[in-house]
Amino acid sequence: MYPDGYLGVSFTPKIEPLDDSGGALLWLGNRQKATKVVYFLHGGGFVVPIVPGHLRWCWDLYIKPSAAAGIDVACAILEYTLSPEAVYPDHLRQASLGLQALLDQGFPPEEIIVGGDSAGGNLAMQLLMHIKHPNPQIPPLHVDGRLGAVFLVSAWLTHRTPQLPSFHKYGNGDLSPSKWRLEHLQPQVAGTKDPIPEMETKYWWGSPLDATPNRWEGLGDVFHHIFISYGEYEVLANHSEELIQLLESHCPEIEVVIDIGYKEAHDTVVLEEITHQHDGPGSRRLQQWFSRFLDGYYN
């Protein structure tokens with residue numbers, strides 16, 4: 001049992017293993033009563049485990065406000081195998097198993113909200129792309145209907161990061177991986193040190209911004225609403241900006257909510273939650289979006 005100071009309440013974690021994959025779902029909230037579930041994919045460069053800030057994020061921004069509004073929401077947090085033990089496409093395989101587990105438990109697709117921060121945002125986009133264009137290295141995932149919504153916070157979406165302007169402009173002052181660490185992580189996340197030559201056929205899921213335009217067509221069949229948040233001084237700002245452009249150009253049927261944090265850097269929400277700033281600007285804007293979504297504001 002976690003002590004009161006961890007989330008502000010005592011709770012016994014409920015952990016659901018995902019077959020023999022090594023991954024598991026960590027549940028917060030009452031999954032038996034929940035009518036909606038947030039499928040949360042945590043960040044950390046695929047090498048750092050979930051931190052207390054991620055748990056507080058789910059509790060403070062999703063579960064508590066929803067309960068106050070009379071809506072039962074639970075969070076299923078994917079505990080995926082970390083690199084270097086896990087290599088491409090192991091993270092996607094476990095993320096797919098996690099979503100399948102939610103569907104098997106009876107949650108309709110429209111009641112499932114999928115998202116994550118930083119590398120978790122990368123994994124969320126991999127999963128969404130995999131639903132539409134199955135990665136041949138893992139089993140396909142059949143979803144009968146569109147997911148309720150998607151949220152991405154400071155998502156890491158391309159292996160071109162060191163070549164992008166926001167990396168050079170803010171890299172020395174932001175909390176983010178160095179060029180060396182990005183190059184070290186790339187083989188584990190993308191499956192190769194140089195994914196570009198074979199991106200179309202084998203590796204593009206790990207670097208979704210580098211998918212060919214036809215891969216984006218019809219993505220509205222998978223989800224119809226997305227919240228994209230990044231900091232004005234974000235080292236990965238160009239990732240979110242490119243994603244917004246791609247969605248607006250190729251997926252006009254998807255409603256895109258853009259949130260740019262004034263003078264904020266990488267992954268502001270988790271940093272606020274780590275430091276107990278539950279009413280910090282990034283956390284507040286995300287919680288307001290979630291509450292509006294639950295209220296049907298965007299329908």
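Only a predicted model underlies this, so the values are computations on that prediction, with no experimental measurement involved.
- Put simply, the side chain of His130 reaches to within 4.5 Å of the side chain of Leu92, judged on heavy atoms.
- Shortest non-hydrogen contact noted between Met129 and Leu219 is SD-CD1, 4.1 Å.
- In this structure, the side chain of Asn30 engages the main chain of Lys33 through a donor-acceptor pair within 3.5 Å.
- Identified under the salt bridge (charged side-chain N to carboxylate O under 4.0 Å, His left out) test for residues 133-142, with sequence neighbours left out: none.
- Counting only heavy atoms from C-beta outward, the side chains of Ile254 and His225 never approach each other to under 4.5 Å.
- Applying the side-chain contact (heavy atoms from CB on, under 4.5 Å) test to Glu272 and every residue at least two apart in sequence or in another chain returns Thr268, Gln277, Pro281, Ser283.
- The main-chain N or O of Ile226 is never found under 3.5 Å from a side-chain atom of Glu255 such that the two would form a donor-acceptor pair.
- Leu18 is listed as a side-chain neighbour of Leu25, based on a closest heavy-atom distance under 4.5 Å.
- Side-chain contact of Asn238 with Glu241: a donor-acceptor pair under 3.5 Å is present, judged by distance alone.
- Trp57 pairs in a side-chain contact (heavy atoms from CB on, under 4.5 Å) with only one of the listed residues (Val153, Val38, Ile274), which is Val153.
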Steps toward side chain to side chain contact (heavy atoms under 4.5 Å, CB included) verdict (Ile15, Trp27): CA-CA 6 Å; Ile15 299 175; Trp27 284 90; over 6 Å; no
Verdict with supporting geometry, Val257 and Tyr298, side chain to side chain contact (heavy atoms under 4.5 Å, CB included): CA-CA 9 Å; Val257 177; Tyr298 297 107; 3.7 Å; yes
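- Heavy atoms only, all atoms of each residue included: Ser118 and Gly43 are closest at CB-CA, 4.4 Å.
- Atom CD1 in Ile138 sits 5.0 Å away from atom OG in Ser96 (nearest 0.5 Å).
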Test log, rule side-chain hydrogen bond (donor to acceptor under 3.5 Å, both in side chains), inputs His239 and Asn122: CA-CA 10 Å; His239 293 226; Asn122 174 288; over 6 Å; no
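- Of all heavy-atom pairs spanning Ser249 and Pro252, the tightest one is O-CD, 4.5 Å.
- Each side-chain hydrogen bond (donor to acceptor under 3.5 Å, both in side chains) pair with one or both residues in residues 138-150, not counting sequence neighbours, would appear here, but there are none.
- Rounding to the nearest 0.5 Å places CG of Leu236 at 9.0 Å from CH2 of Trp156.
- If you check the side chains of Tyr88 and Asn135, you find a donor sitting under 3.5 Å from an acceptor.
- Closest heavy-atom contact between Trp216 and Pro208: CZ2-O, 3.3 Å.
- Annotation: side chain of Ile131 is not in contact with side chain of Asp221 (no heavy-atom distance under 4.5 Å).
- Between Leu152 and Ala124 the shortest heavy-atom distance is CD2-CB, 3.9 Å.
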Worked verdict on Thr158 versus Asp210 for side-chain hydrogen bond (donor to acceptor under 3.5 Å, both in side chains): CA-CA 7 Å; Thr158 175; Asp210 300 306; 2.8 Å; yes
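- Each of His250, His133, Lys132 was scored for a side-chain contact (heavy atoms from CB on, under 4.5 Å) with Arg215, with one residue passing: His133.
- Clustering ILVMFWY residues whenever any of their side-chain heavy atoms sit less than 4.5 angstrom apart, transitively, puts Tyr297 in the very cluster that holds Phe227.
- Asp90 and Arg93 are joined by a salt bridge, as a carboxylate oxygen and a charged side-chain nitrogen come within less than 4.0 angstrom of each other.
- Atom CD1 of Ile260 and atom CD of Glu234 lie 11.0 Å apart (nearest 0.5 Å).
- A distance-only check finds a donor-acceptor pair linking the side chain of Glu232 to the backbone of Lys263 [under 3.5 Å].
- Using cut-offs of 30° and 60° on the angle between ring planes, the pair Tyr62 and Phe290 is tilted.
- Side chain of Glu273 to main chain of His54: no donor-acceptor pair is present (N/O by atom type, distance under 3.5 Å, no hydrogens or angles).
- Every residue two or more places apart in sequence or in another chain that forms a salt bridge (Lys or Arg N to Asp or Glu O under 4.0 Å) with Glu242 is listed here: Arg160.
- Residues in residues 275-285 take part in these salt bridge (charged side-chain N to carboxylate O under 4.0 Å, His left out) pairs, two or more places apart or across chains: Asp259-Arg285, Glu264-Arg285.
- In this structure, Leu127 CG and Leu41 CG are separated by 7.0 Å, a value rounded to the nearest 0.5 Å.
- Minimum heavy-atom separation, Ile228 to Leu247: CD1-CD1, 4.0 Å.
- In this structure, Leu28 CG and Leu55 CG are separated by 6.0 Å, a value rounded to the nearest 0.5 Å.
- When ring centroids are compared, His42 and Tyr80 come within the 6.0 Å threshold.
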Worked verdict on Thr81 versus Gln94 for side chain to side chain contact (heavy atoms under 4.5 Å, CB included): CA-CA 8 Å; Thr81 304; Gln94 292 176 352; 2.8 Å; yes
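- Counting heavy atoms from C-beta outward, Phe46 and Leu82 have side chains that stay 4.5 Å or more apart.
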From CA spacing to verdict: salt bridge (Lys or Arg N to Asp or Glu O under 4.0 Å), Glu111, Lys36: CA-CA 5 Å; Glu111 306 298 348; Lys36 296 181 184 294; 2.4 Å; yes
Distance-only donor-acceptor hits, side chain of residues 97-110, under 3.5 Å, sequence neighbours excluded:
residue	atom	partner	partner atom	Å
Gln100	NE2	Asp104	OD1	2.9
Gln105	NE2	Glu16	OE1	2.9
Gln105	NE2	Glu16	OE2	2.8

Derivation of the side chain to side chain contact (heavy atoms under 4.5 Å, CB included) call for Ile244 and Tyr230: CA-CA 11 Å; Ile244 292 166; Tyr230 63 98; 4.1 Å; yes
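- Residues Leu209 and Leu243 meet the side-chain proximity criterion, which asks for heavy atoms closer than 4.5 Å.
- With rounding to the nearest 0.5 angstrom, the OG atom of Ser229 is 7.0 Å from the CG atom of Leu286.
- Residues Arg56 and Leu61 fail the side-chain proximity criterion, which asks for heavy atoms closer than 4.5 Å.
- You'll find the side chain of Leu294 reaches within 4.5 Å of the side chain of Ser66, heavy atoms only.
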